[in-house]
Structures are given as structure tokens and as C-alpha cells.
Amino acid sequence: MAHPFRRTLYSFLVVAATGASLWQAWQSYENQPPLSSTKKTPQGPQSELPHTVTAEPIAYTLQNKKLYLTFDSGTNWQQVPATMAEFFGGEYATANSNELLPNSYLLTQARSGFLIMKEEQLVWLETKDQGTSWQEYPVADVSYGLRFRQIQFLDDDFAVCVLSGGRVMGQEGVEVLLSHDAGKTWTEAPATGLGNGMLVTDAGFISPEVGFVSRKNQLYVTQDGGNNFSLATVTVPEKYEKIFVWPEAPYLEGDKLYLRVNQGDAGDYAGGLVKGLFESTDQGKTFTFVRELTEQEVAQ
């Protein structure tokens with residue numbers, strides 16, 4: 001039987017050690033900067049850097065389970081400080097995790113960044129000094145199971161992020177988030193009229209007020225900054241009714257608003273890549289047919 005004093009001494013030492021560990025953990029937590037101000041620097045040996053020349057001055061590549069970024073057509077590369085699990089979190093639609101989802105990142109000389117997953121939170125990882133330092137800004141909780149994700153910066157201050165997920169039986173929900181401080185903080189727009197529905201296939205805003213969400217063969221439009229959405233009317237000629245079926249995100253060309261409608265995921269008309277071009281004169285409420293776009297025009 002252990003001596004009572006030894007038992008008491010042992011208990012005291014355990015409590016003291018535990019208390020010291022807790023105090024050290026608390027001090028470490030207290031000294032952590034908030035997520036929105038965290039600066040990250042790339043890791044990894046220089047020998048792992050790619051030796052690839054790119055056609056575009058700013059480009060990314062995925063090698064050795066890391067993502068690298070160049071600002072000089074591949075002369076110099078640097079690792080982006082995030083893991084593959086963070087880049088490809090959620091329900092990711094690209095094959096073999098070999099490319100990022102379109103418009104889930106931004107590559108410019110002044111600002112480059114990526115939407116990444118940190119556990120159940122979507123984060124905007126950004127650099128404004130071409131990779132010398134990186135900042136993380138929380139965008140949204142995505143515990144519902146993120147699928148579609150897209151970010152746009154329309155000017156120096158306004159940004160919009162469209163997310164979808166929680167897929168059940170071909171239906172999912174949609175979130176529209178807005179930032180008025182260049183992506184540092186985000187607020188969710190009411191997006192009344194979207195709710196649960198068909199899978200999101202595209203999205204895009206042409207101004208802080210006017211934006212679109214495509215759900216397979218449906219196109220929703222907002223003209224009040226994401227507060228309310230309603231179905232746009234796309235008038236497809238009878239000849240093309242079963243050919244041009246999935247509207248993409250409308251876009252401005254000069255002062256005209258255009259819409260491309262593709263053939264969906266099973267189209268085979270003229271090779272399946274030809275699209276219909278439509279035009280709107282009422283900020284996206286209605287679209288009328290203009291003409292067919294050839295495969296070469298689509299690829300431009």
C-alpha cells in the first residue's frame with residue numbers, strides 16, 4: 001500500500017503539471033493573432049519549385065501535392081501556403097484534383113488569392129505583394145457541405161461570393177455573400193427567391209446591383225444587390241429549344257448585356273460545343289436570341 005504522504009505528493013505534482021500545461025496553452029492561445037490578420041509565408045525546399053514556362057505572366061501549377069504561383073511566366077515560382085485538402089475541400093467537381101474550379105481564385109499583379117477550406121469554414125487567402133506575405137479572411141461557415149464556389153472583385157472595394165452545397169436528391173441551397181471592404185469582411189445577402197433548387201452551374205455579377213445565378217436550365221436575376229432574385233426569361237427559338245438548354249452567367253461587352261446558353265452535360269449538336277448567343281436590353285430580366293456561336297468563337 002502506498003504511503004499517504006506519497007499519494008498526496010503525487011496528486012499535487014499531477015495537478016501542478018496539469019495547471020502549468022493549461023496555463024501555457026492559454027498563453028499560447030492569447031498570443032495568437034485573429035484569423036483576419038494572420039500572415040503566412042510559403043514553406044518547403046527550393047529544390048521542389050517547378051521549372052515550367054507559362055504562356056501567361058501570372059499562373060499557378062499543381063506539383064508534388066503543392067500549389068505554386070508565378071508572376072513572371074515561370075521564371076520564378078513560389079509555394080502558396082495552403083494544403084491540397086484546403087484547396088480541394090468540400091464536394092469538388094474537377095477530375096483528380098488537378099485544377100481549381102473556375103473563378104474560385106483571382107490572379108492579378110495587384111492582388112491574387114484563393115478560396116480555401118479551413119475545417120468547416122471558407123476562407124479567402126490573399127496576397128497583395130506577389131506572395132511575400134499572405135492574409136486569411138473568413139468568408140462563411142460551410143458545414144453544410146460546400147460544392148460550387150465563386151468569387152468576384154468588381155472594383156477596389158466591392159466583392160461578391162456565390163456558394164452552393166448541401167446536395168440532396170439533385171437539390172441544393174445557395175448563399176450570396178457581399179463584401180464592401182475588398183474581401184476583408186463578408187455579409188450574407190437575403191437572396192430571397194433562390195432557396196433550395198437545382199444545382200448551381202454558374203453565377204456572376206455585372207455590378208453591385210445586378211447579378212445572376214444559373215441553375216441548369218434556369219437563370220435567376222437580382223437587380224437590388226442580392227436581396228431578391230427572380231427567374232429571367234430566355235426566349236429560345238423553337239429550332240434550338242432542345243439544344244441550347246443551360247444558361248451561363250451573363251456578361252457585359254461594351255454597353256450590351258449578353259448571355260451564352262450551352263448544350264448542358266449531354267449535348268451533341270455540332271459536336272456539343274456550339275452555343276447560343278442572347279441579348280438583354282432590360283438589365284437581365286429578358287433575353288432574346290441573336291445567333292449561333294461557332295466552336296471557334298466559343299473557344300476565344
Side-chain angles (χ1 to χ4, degrees), residues 32-38 40 60 62 65 67 80-107 111-127 134-154 158-205 211-216 218 220 222 225-227 229 249:
Q32 288 293 321
L35 182 61
S36 60
S37 65
T38 299
K40 304 184 74 175
Y60 77 85
L62 294 165
K65 297 184 178 179
L67 190 145
V80 178
T83 67
M84 288 298 98
E86 291 170 340
F87 284 116
F88 295 96
E91 183 184 342
Y92 219 81
T94 57
N96 301 320
S97 296
N98 61 355
E99 62 179 344
L100 300 177
L101 287 173
N103 301 315
S104 67
Y105 58 94
L106 175 70
L107 301 179
R111 168 192 284 135
S112 293
F114 303 84
L115 288 173
I116 63 172
M117 291 275 289
K118 305 279 286 188
E119 296 182 352
E120 293 186 341
Q121 188 174 58
L122 186 69
V123 170
W124 174 241
L125 173 65
E126 174 185 79
T127 179
W134 293 81
Q135 291 75 41
E136 295 180 348
Y137 301 109
V139 178
D141 172 82
V142 288
S143 56
Y144 52 77
L146 181 66
R147 190 186 65 83
F148 180 89
R149 65 212 72 177
Q150 178 173 299
I151 191 167
Q152 281 181 281
F153 287 83
L154 273 69
F158 182 78
V160 58
C161 191
V162 179
L163 313 175
S164 75
R167 172 157 57 166
V168 178
M169 300 295 289
Q171 303 276 303
E172 66 180 2
V174 184
E175 278 188 283
V176 178
L177 299 114
L178 308 176
S179 174
H180 296 278
D181 56 8
K184 293 181 176 64
T185 61
W186 296 84
T187 56
E188 185 178 356
T192 303
L194 284 180
N196 289 333
M198 289 189 289
L199 302 185
V200 174
T201 49
D202 204 357
F205 274 58
F212 302 88
V213 174
S214 300
R215 306 184 93 157
K216 292 196 173 182
Q218 298 175 335
Y220 287 84
T222 178
N227 289 315
F229 282 82

Show, in sequence, the C-alpha distance, side-chain angles and deciding distance for W134 and F114, and conclude whether the side-chain contact (heavy atoms from CB on, under 4.5 Å) test is met. CA-CA 11 Å; W134 293 81; F114 303 84; 4.0 Å; yes
I'd like to know if the side chain of [X] reaches the main chain of [Y], judged simply by a donor and an acceptor atom lying under 3.5 Å from each other, with no hydrogens or angles considered.
{"X": "R215", "Y": "L199", "answer": "no"}
{"X": "S214", "Y": "T201", "answer": "no"}
{"X": "Y60", "Y": "V80", "answer": "no"}
{"X": "S179", "Y": "T185", "answer": "yes"}
{"X": "R147", "Y": "V200", "answer": "yes"}
{"X": "E188", "Y": "E175", "answer": "no"}

Taking the six-membered ring for Trp and the single ring otherwise, decide whether the centroids of F153 and W124 are under 6.0 Å apart. yes
From CA spacing to verdict: side-chain contact (heavy atoms from CB on, under 4.5 Å), F148, N103: CA-CA 10 Å; F148 180 89; N103 301 315; over 6 Å; no
Quick one: [atom1] on [X] to [atom2] on [Y], what's the gap to the nearest 0.5 Å?
{"X": "L100", "Y": "L62", "atom1": "CG", "atom2": "CG", "result": "6.0 Å"}
{"X": "R111", "Y": "T127", "atom1": "CZ", "atom2": "OG1", "result": "11.0 Å"}
{"X": "M84", "Y": "K65", "atom1": "CE", "atom2": "NZ", "result": "10.0 Å"}

Determine whether Y137 and Q135 satisfy the following criterion, side-chain hydrogen bond (donor to acceptor under 3.5 Å, both in side chains), listing intermediate values before the conclusion. CA-CA 7 Å; Y137 301 109; Q135 291 75 41; 4.6 Å; no
Can you confirm whether [X] sits close enough to [Y] that some side-chain heavy atom of one is under 4.5 Å from a side-chain heavy atom of the other?
{"X": "L67", "Y": "F88", "value": "no"}
{"X": "F158", "Y": "H180", "value": "yes"}
{"X": "L101", "Y": "R149", "value": "yes"}
{"X": "L154", "Y": "Q152", "value": "yes"}
{"X": "D202", "Y": "Q150", "value": "yes"}
{"X": "C161", "Y": "L163", "value": "yes"}
{"X": "N227", "Y": "T222", "value": "no"}

Nearest non-hydrogen partners of [X] and [Y], listed with the distance:
{"X": "S164", "Y": "E172", "value": "OG-OE2, 2.8 Å"}
{"X": "L194", "Y": "V174", "value": "CD1-CG1, 4.0 Å"}
{"X": "L177", "Y": "A140", "value": "CD2-CB, 4.0 Å"}
{"X": "V162", "Y": "V213", "value": "CG1-CG2, 4.4 Å"}
{"X": "V176", "Y": "A191", "value": "CG2-CB, 4.3 Å"}
{"X": "N196", "Y": "G173", "value": "OD1-CA, 3.2 Å"}

Restricting to ring-ring contact (aromatic ring centres under 6.0 Å, His included), what partner residues turn up for Y144, sequence neighbours left out? none
Can you list everything that forms a ring-ring contact (aromatic ring centres under 6.0 Å, His included) with F212? Sequence neighbours excluded, please. none
Using the rule given for side-chain contact (heavy atoms from CB on, under 4.5 Å), can you reason through L115 versus L125, listing the C-alpha separation, both sets of side-chain angles and the distance that settles it, and then say yes or no? CA-CA 6 Å; L115 288 173; L125 173 65; over 6 Å; no
If you draw a 6.0 Å radius around CD in E119, do more than 12 non-hydrogen atoms from other residues or ligands fall strictly inside? no
Could you go through V142 and Q121, starting from their C-alpha distance and side-chain angles, then the distance that decides it, and tell me whether this counts as side-chain contact (heavy atoms from CB on, under 4.5 Å)? CA-CA 5 Å; V142 288; Q121 188 174 58; 5.6 Å; no
Should the ring pair F229 and F205 be called parallel, tilted or perpendicular, given that the plane angle runs from 0 to 90° and is split at 30 and 60? perpendicular
Electrostatic pair E136-K118, nearest N-O below 4.0 angstrom: yes
